[in-house]
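The structure appears right after this line, and notes come after that.
Whatever order the structure lists ligands and atoms in, that order sets their numbers, starting from 1.
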Amino acid sequence: MPNMGRYEEVVNSFSWEISEKELGYRPGDIINIGEYCSDRNLRLGRKDRPALIWEGHSGEVKKYTFYEMSVLTNTIAGFLKNLGLQPGDRICLFMDRIPELYFGFLGILKMGGIAQPLFSAFGSESLITRLEDAQTAAIITQRKHLPKVRNIVESLPYLKHIIVVDDDGTKSLREKEIAFHMDKAPRLEKFDIYPSRAETPSVLHYTSGTTGKPKGAQHVHYSLISQYITARYVLDLRENDIYWCTADPGWVTGTSYGIIGPWANGNTQCVLDAGFKAETWYRFIEKYKITVWYSAPTAIRSLMKEGEEAVRRRNLSSLRHLCSVGEPLNAEAVHWSKNVFGLPFHDTFWQTETGSIVISNYPEMPVKAGSMGKPFPGVTATVVDLKTYQPVNKPGVVGLIALKPGWPSMFRTYWRNEATYQSKFKNGWYICGDRASIDEDGYYWFVGRDDDVINTGGHLVGPFEIESALLEHPAVAESAVVGKPDPVNMEVVKAFIALKPGNSPSQELELDIMNFIRKKLSPLAMPQEIEFVDSLPKTRSGKIMRRVLRAKEWGEEIGDTSTLEND
Ligand code: WT7
């Protein structure tokens, strides 16, 4: 029996108090996510249960029980506190998916810090924009990523400590750098957990928009109330589940459902710190008898490409429930998974800003392949008109997904950018920035984003960030960056570039520019294709019209071009 009953009944009877009660929380109480995910599980008799089963890319395995996790997160919290870091300080996690990343996250929360996870493939430029904005006080990293931090340390006056988790301290560490070994450090059985309350800031996740620099979505400890209950109702996590979330904690799925939700439910989590490979993934599921699996459409499409044979070679009968997030889950992917795993992937929709799943397919509800499902009980959602922001109230009419503020895990602001936060609200609705329609049965159907942000393999990249970085290349005069359709990643980055006089297009220059972006920003932001052009379409006021270039890539109507300068 799934944790959540029949959708219609739960919608009518649900209140967030159910989640509060299950967690033993009353309004006004102390609530610390770090405590709930680790120590609370000891009180509930889960001391010897594996909390984390970790496998590295060369096959090494590490296992930690909830007891060990509690001690190690204390140890990290104590170390950070001893360094003089204060509650409210932003502490960045810049690591591969190693155990220190997961325990570091909870350790930061235990000492009252604000955890700022950043994707370890980020280059120095991506790093600096986010650390500068957050005025980050410390960064926890690995030796292999240290050069990227050293590159920019001079420009970060707020950065006091660079903690290196895999250095023995005898290697030439520089000023501000300090070695910390999780397994060798003096173990702290007890730690005085910071008495955070519902509205105490917890996590800062950076997300890209169409314009300007990435924005820090700021979350609070009370988000746990949503993350816990959605992990129970949507992911259907039950007491003895073995769960695998394939997302990296550099992105919100990897924290809300790769750390908080599952551990607040006391589940064993498996982590594979290796790139995508169908054979490896199936072996991983078989080896650890994964029961609940949360992944993304790009990964599912990649598995489809590998074919059914790869699935048949393994015993995957442990799988019980599958969910997906991050991009539109096409109907074929749902049919395919039903066919080869005997289980459909359940699409879930949410954002960095929402902190937890807000629209989804539920275990007890029939899946309409290709639909995102229905609003989570306790979340009031609708689709509003593109111009008036009034609910369209008519099946099949496309508008913007809008949510009534008030669910516990909603972001509280954009870090030091309240104006942009306020601009997300219209007529009392939070506007997600995605277009969708609702059918006559109340199911939501995704149409597309309402801005120029590119969704590549479930990761958002901002065209502005890439265009700004391109301008730093000596040969680039101007550029426009758009998403181009891709059969696996849904979209990939394509750049249109006008060169400075004296430069001419060549394959060599193309590769040079691609590498330039890969190093500066990240492999995700690297253009997969560059088209050299003489000039870019602009409005009369000189703004580059990405819309025109994008429409061409997608074979769509260009629409109103009356304001084009060089039309
Ligand atoms: C954007 C949010 C929180 C999940 C990880 C991404 C797109 C998300 C779906 C879905 C179609 C989806 C939207 C959304 N998106 N889930 N099920 N179907 N699109 O978090 O980086 O903040 O991205 O991802 O465009 O706004 P994010």
Is the shortest side-chain heavy-atom distance between R449 and D434 below 4.5 Å? yes

Sort out the contact shell of ligand 1: every protein residue with a heavy-atom distance below 4.0 Å, listed by chain and number. V252, T253, V325, G326, E327, P328, D347, T348, F349, W350, Q351, T352, M372, D434, F446, R449, N455, L460

Can you give each donor-acceptor pair under 3.5 Å made by side-chain atoms of residues 440-447, sequence neighbours left out, with the distance rounded to 0.1 Å?
from: D441; atom 1: OD2; to: K368; atom 2: NZ; distance (Å): 2.7
from: Y443; atom 1: OH; to: P366; atom 2: O; distance (Å): 2.6
from: Y444; atom 1: OH; to: A381; atom 2: O; distance (Å): 3.2
from: Y444; atom 1: OH; to: T382; atom 2: N; distance (Å): 3.4
from: W445; atom 1: NE1; to: D439; atom 2: OD2; distance (Å): 3.0

Do we see a donor-acceptor contact under 3.5 Å between the side chains of E353 and T207? no

Check whether S19 reaches the backbone of W16 with its side chain - one donor and one acceptor, N or O, closer than 3.5 Å. no

Could you tell me if Y102 and Q269 have a donor-acceptor pair between their side chains, going purely by distance under 3.5 Å? no

Quiz question: by atom type and distance under 3.5 Å, do the side chains of Y206 and D133 form a donor-acceptor pair? yes

